[in-house]
2 protein chains.
Amino acid sequence: MDQQQISAYLLKNGVRPLQKRVKIMSYLVSKRNHPTVDMIYSDLIHEINGLSKTTIYNVLNLFVQSGVALALNIEGNEIRYDADTSTHGHFKCKVCTGVIDFRIKKEDLPNPMLEGFRIDEQHFYLKGVCSFCANKIEA
Amino acid sequence: MDQQQISAYLLKNGVRPLQKRVKIMSYLVSKRNHPTVDMIYSDLIHEINGLSKTTIYNVLNLFVQSGVALALNIEGNEIRYDADTSTHGHFKCKVCTGVIDFRIKKEDLPNPMLEGFRIDEQHFYLKGVCSFCANKIEA
DNA sequence: TAATGTTTTTATAATGATTACAAAAATATG
DNA sequence: CATATTTTTGTAATCATTATAAAAACATTA
Ligand SMILES: [Mn+2]
Ligand SMILES: [Mn+2]
Ligand SMILES: [Zn+2]
Ligand SMILES: [Zn+2]
(Lines give C-alpha, C1' and ligand atoms only; values in the text may rest on other atoms or scores of the structure.)
(Ligands and ions follow the chains in the order given, each with its own letter.)
Protein backbone atom coordinates (compact mmCIF):
# COMPACT_ATOMS: atom_id res chain seq x y z
CA MET A 1 0.00 0.00 0.00
CA ASP A 2 1.45 3.34 -1.04
CA GLN A 3 0.51 6.76 0.34
CA GLN A 4 -2.18 7.12 -2.32
CA GLN A 5 -3.93 3.93 -1.38
CA ILE A 6 -3.70 4.70 2.31
CA SER A 7 -5.17 8.16 1.78
CA ALA A 8 -8.07 6.68 -0.15
CA TYR A 9 -8.60 4.04 2.54
CA LEU A 10 -8.68 6.62 5.32
CA LEU A 11 -11.01 8.85 3.37
CA LYS A 12 -13.40 6.01 2.71
CA ASN A 13 -13.58 5.41 6.46
CA GLY A 14 -14.26 9.02 7.37
CA VAL A 15 -10.71 9.97 8.38
CA ARG A 16 -9.25 13.02 6.67
CA PRO A 17 -5.93 11.85 5.22
CA LEU A 18 -3.61 14.43 6.72
CA GLN A 19 0.12 13.98 6.37
CA LYS A 20 0.90 12.65 9.82
CA ARG A 21 -2.12 10.39 9.82
CA VAL A 22 -1.03 8.88 6.52
CA LYS A 23 2.52 8.38 7.82
CA ILE A 24 1.31 6.70 10.99
CA MET A 25 -1.07 4.42 9.09
CA SER A 26 1.73 3.65 6.63
CA TYR A 27 3.93 2.65 9.51
CA LEU A 28 1.28 0.33 10.97
CA VAL A 29 0.51 -1.27 7.62
CA SER A 30 4.10 -1.84 6.52
CA LYS A 31 5.64 -2.88 9.84
CA ARG A 32 2.81 -5.10 11.09
CA ASN A 33 4.59 -5.27 14.44
CA HIS A 34 1.67 -4.41 16.74
CA PRO A 35 3.58 -1.46 18.18
CA THR A 36 2.93 0.52 21.33
CA VAL A 37 2.70 4.30 21.14
CA ASP A 38 6.31 4.53 22.31
CA MET A 39 7.52 2.20 19.57
CA ILE A 40 5.78 4.28 16.93
CA TYR A 41 7.17 7.45 18.43
CA SER A 42 10.77 6.36 18.59
CA ASP A 43 10.64 5.00 15.04
CA LEU A 44 8.87 7.95 13.42
CA ILE A 45 10.54 10.80 15.28
CA HIS A 46 13.51 10.52 12.90
CA GLU A 47 11.29 10.61 9.84
CA ILE A 48 8.73 13.22 10.84
CA ASN A 49 10.21 16.45 12.09
CA GLY A 50 8.78 17.74 15.35
CA LEU A 51 6.40 14.87 15.91
CA SER A 52 4.69 14.87 19.27
CA LYS A 53 3.72 11.83 21.29
CA THR A 54 0.35 13.42 21.97
CA THR A 55 -0.32 13.41 18.25
CA ILE A 56 0.25 9.68 18.10
CA TYR A 57 -2.24 9.18 20.91
CA ASN A 58 -4.75 11.43 19.14
CA VAL A 59 -4.35 9.78 15.77
CA LEU A 60 -4.49 6.23 17.13
CA ASN A 61 -7.62 6.97 19.15
CA LEU A 62 -9.18 8.39 16.01
CA PHE A 63 -8.14 5.31 14.02
CA VAL A 64 -9.71 2.98 16.57
CA GLN A 65 -12.94 4.99 16.72
CA SER A 66 -13.12 5.04 12.94
CA GLY A 67 -12.55 1.32 12.70
CA VAL A 68 -9.30 1.44 10.72
CA ALA A 69 -7.21 0.10 13.60
CA LEU A 70 -7.62 -2.21 16.57
CA ALA A 71 -6.38 -1.61 20.11
CA LEU A 72 -5.03 -4.85 21.55
CA ASN A 73 -5.08 -5.37 25.30
CA ILE A 74 -2.86 -8.33 25.98
CA GLU A 75 -0.71 -7.09 28.82
CA GLY A 76 -2.22 -4.75 31.38
CA ASN A 77 0.35 -2.03 31.11
CA GLU A 78 0.41 -1.50 27.37
CA ILE A 79 -1.90 -1.06 24.42
CA ARG A 80 -0.74 -2.33 21.07
CA TYR A 81 -2.17 -1.17 17.76
CA ASP A 82 -3.00 -3.16 14.66
CA ALA A 83 -4.05 -1.94 11.22
CA ASP A 84 -5.29 -5.43 10.35
CA THR A 85 -8.93 -5.32 11.39
CA SER A 86 -9.82 -8.70 9.95
CA THR A 87 -10.54 -11.71 12.16
CA HIS A 88 -7.27 -13.12 13.42
CA GLY A 89 -5.57 -14.14 16.64
CA HIS A 90 -2.46 -12.96 18.48
CA PHE A 91 0.37 -14.62 20.31
CA LYS A 92 2.56 -12.71 22.76
CA CYS A 93 5.94 -14.11 23.70
CA LYS A 94 6.88 -13.56 27.34
CA VAL A 95 10.59 -13.62 26.49
CA CYS A 96 11.05 -11.35 23.45
CA THR A 97 7.74 -9.50 24.11
CA GLY A 98 6.87 -9.72 20.41
CA VAL A 99 3.27 -10.05 19.27
CA ILE A 100 2.59 -12.12 16.16
CA ASP A 101 -0.54 -12.92 14.19
CA PHE A 102 -2.10 -16.24 13.43
CA ARG A 103 -5.01 -16.76 11.07
CA ILE A 104 -8.32 -18.03 12.33
CA LYS A 105 -11.56 -18.21 10.45
CA LYS A 106 -14.44 -16.32 11.95
CA GLU A 107 -16.48 -19.51 11.99
CA ASP A 108 -13.82 -21.32 14.02
CA LEU A 109 -14.28 -19.00 16.98
CA PRO A 110 -16.57 -20.30 19.73
CA ASN A 111 -20.12 -19.03 19.45
CA PRO A 112 -21.38 -18.65 23.02
CA MET A 113 -25.07 -18.50 23.83
CA LEU A 114 -25.55 -14.86 24.73
CA GLU A 115 -29.23 -14.21 24.10
CA GLY A 116 -29.98 -10.54 23.47
CA PHE A 117 -26.35 -9.41 23.63
CA ARG A 118 -24.86 -7.15 20.98
CA ILE A 119 -21.33 -8.32 20.18
CA ASP A 120 -19.04 -5.69 18.67
CA GLU A 121 -15.58 -7.20 19.06
CA GLN A 122 -14.09 -10.64 19.44
CA HIS A 123 -10.55 -11.19 20.69
CA PHE A 124 -8.56 -14.39 20.95
CA TYR A 125 -4.98 -14.30 22.13
CA LEU A 126 -2.36 -16.61 23.55
CA LYS A 127 0.63 -16.07 25.79
CA GLY A 128 3.72 -18.20 26.07
CA VAL A 129 7.16 -18.54 24.50
CA CYS A 130 7.70 -18.32 20.76
CA SER A 131 9.64 -21.01 18.90
CA PHE A 132 12.65 -18.76 18.40
CA CYS A 133 12.97 -18.02 22.12
CA ALA A 134 12.13 -21.62 23.09
CA ASN A 135 15.07 -22.81 20.96
CA LYS A 136 17.44 -20.32 22.51
CA ILE A 137 16.48 -21.39 26.03
CA GLU A 138 16.91 -25.06 25.17
CA ALA A 139 20.40 -24.53 23.75
CA MET B 1 -16.19 -22.39 49.85
CA ASP B 2 -15.61 -21.45 53.48
CA GLN B 3 -12.43 -20.08 54.97
CA GLN B 4 -11.20 -23.59 55.74
CA GLN B 5 -11.48 -24.76 52.16
CA ILE B 6 -9.88 -21.60 50.84
CA SER B 7 -6.96 -21.96 53.23
CA ALA B 8 -6.43 -25.53 52.11
CA TYR B 9 -6.66 -24.50 48.47
CA LEU B 10 -4.09 -21.74 48.87
CA LEU B 11 -1.77 -24.03 50.81
CA LYS B 12 -1.98 -26.70 48.14
CA ASN B 13 -0.87 -24.09 45.60
CA GLY B 14 2.09 -22.86 47.60
CA VAL B 15 0.46 -19.73 49.05
CA ARG B 16 0.61 -19.37 52.82
CA PRO B 17 -2.99 -18.83 53.90
CA LEU B 18 -2.59 -15.62 55.88
CA GLN B 19 -5.70 -13.81 57.06
CA LYS B 20 -5.82 -11.06 54.47
CA ARG B 21 -4.98 -13.44 51.66
CA VAL B 22 -7.83 -15.71 52.67
CA LYS B 23 -10.23 -12.75 52.88
CA ILE B 24 -9.23 -11.49 49.44
CA MET B 25 -9.54 -14.95 47.90
CA SER B 26 -12.91 -15.39 49.66
CA TYR B 27 -14.07 -12.15 48.12
CA LEU B 28 -13.02 -13.21 44.62
CA VAL B 29 -14.59 -16.64 44.96
CA SER B 30 -17.91 -15.52 46.39
CA LYS B 31 -18.47 -12.34 44.36
CA ARG B 32 -17.30 -13.65 40.98
CA ASN B 33 -17.50 -10.09 39.68
CA HIS B 34 -14.05 -9.84 38.05
CA PRO B 35 -13.17 -6.83 40.18
CA THR B 36 -10.42 -4.28 39.76
CA VAL B 37 -8.07 -3.56 42.64
CA ASP B 38 -10.13 -0.48 43.47
CA MET B 39 -13.36 -2.47 43.63
CA ILE B 40 -11.80 -4.97 46.03
CA TYR B 41 -10.37 -2.17 48.12
CA SER B 42 -13.58 -0.18 48.49
CA ASP B 43 -15.54 -3.34 49.33
CA LEU B 44 -13.08 -4.84 51.83
CA ILE B 45 -11.93 -1.67 53.57
CA HIS B 46 -15.08 -1.82 55.71
CA GLU B 47 -14.50 -5.43 56.65
CA ILE B 48 -10.74 -5.49 57.15
CA ASN B 49 -9.46 -2.80 59.46
CA GLY B 50 -6.46 -0.86 58.18
CA LEU B 51 -6.26 -2.58 54.83
CA SER B 52 -3.83 -1.03 52.37
CA LYS B 53 -4.26 -0.86 48.63
CA THR B 54 -0.63 -1.91 48.26
CA THR B 55 -1.47 -5.16 50.04
CA ILE B 56 -4.16 -5.92 47.50
CA TYR B 57 -1.68 -5.39 44.68
CA ASN B 58 0.85 -7.61 46.45
CA VAL B 59 -1.62 -10.38 47.17
CA LEU B 60 -3.14 -10.37 43.70
CA ASN B 61 0.26 -10.48 42.04
CA LEU B 62 1.12 -13.42 44.26
CA PHE B 63 -2.16 -15.14 43.37
CA VAL B 64 -1.51 -14.74 39.66
CA GLN B 65 2.06 -16.00 39.95
CA SER B 66 0.90 -18.99 41.96
CA GLY B 67 -1.82 -19.80 39.46
CA VAL B 68 -4.80 -19.38 41.80
CA ALA B 69 -6.10 -16.28 39.98
CA LEU B 70 -6.12 -14.87 36.47
CA ALA B 71 -5.40 -11.29 35.45
CA LEU B 72 -7.81 -10.25 32.70
CA ASN B 73 -6.73 -7.56 30.24
CA ILE B 74 -9.85 -6.51 28.40
CA GLU B 75 -9.66 -2.74 28.57
CA GLY B 76 -6.28 -1.07 28.41
CA ASN B 77 -6.61 0.96 31.56
CA GLU B 78 -7.68 -1.72 34.02
CA ILE B 79 -6.78 -5.21 35.13
CA ARG B 80 -9.57 -7.43 36.41
CA TYR B 81 -9.01 -10.47 38.57
CA ASP B 82 -10.69 -13.85 38.43
CA ALA B 83 -10.45 -16.78 40.86
CA ASP B 84 -11.92 -19.10 38.24
CA THR B 85 -8.85 -20.42 36.45
CA SER B 86 -10.73 -22.94 34.35
CA THR B 87 -11.21 -22.49 30.60
CA HIS B 88 -13.99 -19.96 30.02
CA GLY B 89 -14.67 -16.76 28.10
CA HIS B 90 -15.54 -13.22 29.11
CA PHE B 91 -17.94 -10.59 27.87
CA LYS B 92 -17.50 -6.92 28.77
CA CYS B 93 -20.45 -4.57 28.41
CA LYS B 94 -19.50 -1.10 27.19
CA VAL B 95 -22.51 0.43 28.93
CA CYS B 96 -22.59 -1.01 32.46
CA THR B 97 -18.86 -1.97 32.34
CA GLY B 98 -19.67 -5.37 33.87
CA VAL B 99 -17.68 -8.46 32.94
CA ILE B 100 -19.51 -11.78 32.83
CA ASP B 101 -18.46 -15.35 32.15
CA PHE B 102 -19.55 -17.72 29.49
CA ARG B 103 -18.61 -21.37 29.34
CA ILE B 104 -16.53 -22.71 26.49
CA LYS B 105 -14.97 -26.11 26.21
CA LYS B 106 -11.24 -26.20 25.79
CA GLU B 107 -11.66 -28.22 22.60
CA ASP B 108 -13.92 -25.55 21.10
CA LEU B 109 -11.14 -22.96 21.11
CA PRO B 110 -9.25 -22.55 17.82
CA ASN B 111 -6.05 -24.55 17.66
CA PRO B 112 -3.64 -22.49 15.57
CA MET B 113 -0.59 -24.01 13.93
CA LEU B 114 2.23 -22.66 16.05
CA GLU B 115 5.04 -25.15 15.59
CA GLY B 116 7.52 -25.10 18.46
CA PHE B 117 5.64 -22.53 20.51
CA ARG B 118 4.94 -23.06 24.21
CA ILE B 119 1.41 -21.89 25.00
CA ASP B 120 0.80 -20.99 28.64
CA GLU B 121 -2.46 -19.03 28.51
CA GLN B 122 -5.45 -18.77 26.20
CA HIS B 123 -7.87 -15.85 26.36
CA PHE B 124 -11.11 -15.32 24.50
CA TYR B 125 -13.22 -12.28 25.21
CA LEU B 126 -15.98 -10.27 23.60
CA LYS B 127 -17.02 -6.64 23.88
CA GLY B 128 -20.44 -5.17 23.21
CA VAL B 129 -23.67 -4.42 25.04
CA CYS B 130 -25.27 -6.89 27.43
CA SER B 131 -28.93 -7.88 27.08
CA PHE B 132 -29.93 -5.87 30.15
CA CYS B 133 -28.40 -2.64 28.80
CA ALA B 134 -29.59 -3.36 25.24
CA ASN B 135 -33.16 -3.57 26.51
CA LYS B 136 -32.85 -0.32 28.42
CA ILE B 137 -31.55 1.51 25.36
CA GLU B 138 -34.31 0.14 23.15
CA ALA B 139 -37.06 1.26 25.55
C1' DT C 1 -3.92 35.77 -3.04
C1' DA C 2 -5.45 37.62 1.50
C1' DA C 3 -8.52 37.28 5.22
C1' DT C 4 -10.98 34.42 8.12
C1' DG C 5 -12.65 30.46 10.54
C1' DT C 6 -11.94 25.60 11.60
C1' DT C 7 -9.19 21.64 12.57
C1' DT C 8 -4.96 19.60 14.02
C1' DT C 9 -0.73 19.52 16.41
C1' DT C 10 2.21 20.72 20.02
C1' DA C 11 4.11 21.42 24.74
C1' DT C 12 3.01 21.20 29.25
C1' DA C 13 0.52 19.93 33.15
C1' DA C 14 -2.69 16.77 35.33
C1' DT C 15 -4.44 12.30 36.23
C1' DG C 16 -4.64 7.50 37.51
C1' DA C 17 -2.90 2.95 37.99
C1' DT C 18 0.93 0.41 39.49
C1' DT C 19 5.45 -0.33 41.66
C1' DA C 20 9.52 0.74 44.78
C1' DC C 21 10.99 1.36 49.20
C1' DA C 22 11.80 1.31 54.00
C1' DA C 23 9.68 1.13 58.49
C1' DA C 24 6.22 -1.22 61.37
C1' DA C 25 3.58 -5.23 62.35
C1' DA C 26 2.72 -10.02 62.18
C1' DT C 27 4.28 -14.58 62.14
C1' DA C 28 7.36 -18.50 62.71
C1' DT C 29 11.33 -20.71 64.99
C1' DG C 30 14.16 -22.20 68.75
C1' DC D 1 10.42 -15.28 75.55
C1' DA D 2 13.97 -13.77 72.11
C1' DT D 3 15.11 -13.65 67.51
C1' DA D 4 14.78 -14.13 62.59
C1' DT D 5 11.77 -14.04 58.66
C1' DT D 6 7.81 -12.65 56.18
C1' DT D 7 4.06 -9.58 55.38
C1' DT D 8 1.80 -5.29 55.50
C1' DT D 9 1.64 -0.46 55.48
C1' DG D 10 2.25 4.49 54.10
C1' DT D 11 4.60 7.26 51.19
C1' DA D 12 6.98 8.48 47.22
C1' DA D 13 8.26 7.38 42.53
C1' DT D 14 7.18 5.84 37.98
C1' DC D 15 4.86 5.19 33.72
C1' DA D 16 1.15 5.48 30.38
C1' DT D 17 -2.49 8.25 29.08
C1' DT D 18 -5.53 12.37 28.92
C1' DA D 19 -6.69 17.44 29.50
C1' DT D 20 -5.76 21.95 28.20
C1' DA D 21 -4.70 25.95 25.81
C1' DA D 22 -1.69 28.15 22.53
C1' DA D 23 0.50 27.66 17.95
C1' DA D 24 0.46 25.82 13.45
C1' DA D 25 -1.73 23.85 9.55
C1' DC D 26 -5.49 23.65 6.67
C1' DA D 27 -9.82 24.92 4.26
C1' DT D 28 -13.03 28.46 2.63
C1' DT D 29 -14.46 32.50 0.77
C1' DA D 30 -13.86 37.13 -0.96
MN1 LIG E 1 -2.62 -8.57 14.29
MN1 LIG F 1 -14.31 -15.34 34.67
ZN1 LIG G 1 10.02 -14.83 21.73
ZN1 LIG H 1 -24.54 -3.86 30.38
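Below, each value reflects all heavy atoms present in this structure, side chains not excepted, and no hydrogens, waters or symmetry copies. Proteins come first, then strands; the chains are lettered A, B, ... in the order of their sequence lines, and each starts at number 1.
Distance CG (B/Leu62) to P (C/dT19): 13 Å, rounded to an integer number of Å. B/Lys23 has its NZ atom 12 Å from the P atom of D/dT8, to the nearest Å. Note: CZ (B/Arg21) to P (C/dA26) measures 15 Å, nearest angstrom. For the pair B/Met39 CE and C/dA17 P, the computed distance is 13 Å after rounding to whole Å. Summarising the geometry, the separation between CG on A/Asn77 and P on C/dT19 is reported as 8 Å, rounded to the nearest angstrom. Taking atom CD of A/Glu78 as the reference point, atom P of C/dA17 lies 19 Å away to the nearest angstrom. Distance CD1 (B/Ile56) to P (C/dT19): 13 Å, rounded to an integer number of Å. We find that NZ of A/Lys53 is positioned 21 Å from P of D/dT20, with the value rounded to whole Å.
None of A/Lys127, A/Lys94, A/Arg80 except one satisfies the salt bridge (Lys or Arg N to Asp or Glu O under 4.0 Å) rule with A/Glu75; the exception is A/Lys127.
Both A/Asn58 and A/Asp38 sit near DNA chain D, but only A/Asp38 has its closest nucleotide nearer the 5' end. Both B/Asn61 and A/Ile48 lie close to DNA chain C; mapped to their nearest nucleotides by heavy-atom distance, the more 5′-ward contact belongs to A/Ile48.
Of all nucleotides listed (C/dA11, D/dT8, C/dT18), C/dT18 comes nearest to the side chain of B/Val37. Residue B/Ile79 has its side chain nearest to C/dT18 when only C/dT18, D/dT20, C/dT9 are considered. For B/Ser52, taking side-chain heavy atoms from C-beta onward, the closest of the listed nucleotides C/dT9, D/dA19, D/dG10 is D/dG10.
Between A/Asp108 and A/Lys106 there is no salt bridge, since no side-chain nitrogen of the basic residue lies less than 4.0 Å from a carboxylate oxygen of the acidic one.
Applying the 4.0 Å criterion to OP1 and OP2 of C/dT27, one finds that B/Gln19 has a side-chain N or O inside that range. When the side-chain nitrogen and oxygen atoms of A/Arg16 are compared with OP1 and OP2 of C/dT7, none of them lie within a distance under 4.0 Å. Phosphate contact (OP1/OP2 of C/dA26, side-chain N/O of B/Lys20, threshold under 4.0 Å): absent. Contact between the side-chain N/O atoms of B/Tyr57 and the OP1/OP2 oxygens of C/dT18 is found at a separation under 4.0 Å.
The ring of A/Tyr81 has its center no closer than 6.0 angstrom to the ring center of A/Phe63.
Considering only heavy atoms from C-beta on, A/Leu109 comes within 4.5 Å of A/Thr87 through its side chain.
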(request) Any chance you could lay out the ring-ring contact (aromatic ring centres under 6.0 Å, His included) test for A/Tyr125 and A/Phe91, step after step, and finish with the verdict? (result) CA-CA 6 Å; A/Tyr125 68 84; A/Phe91 177 93; over 10 Å; no

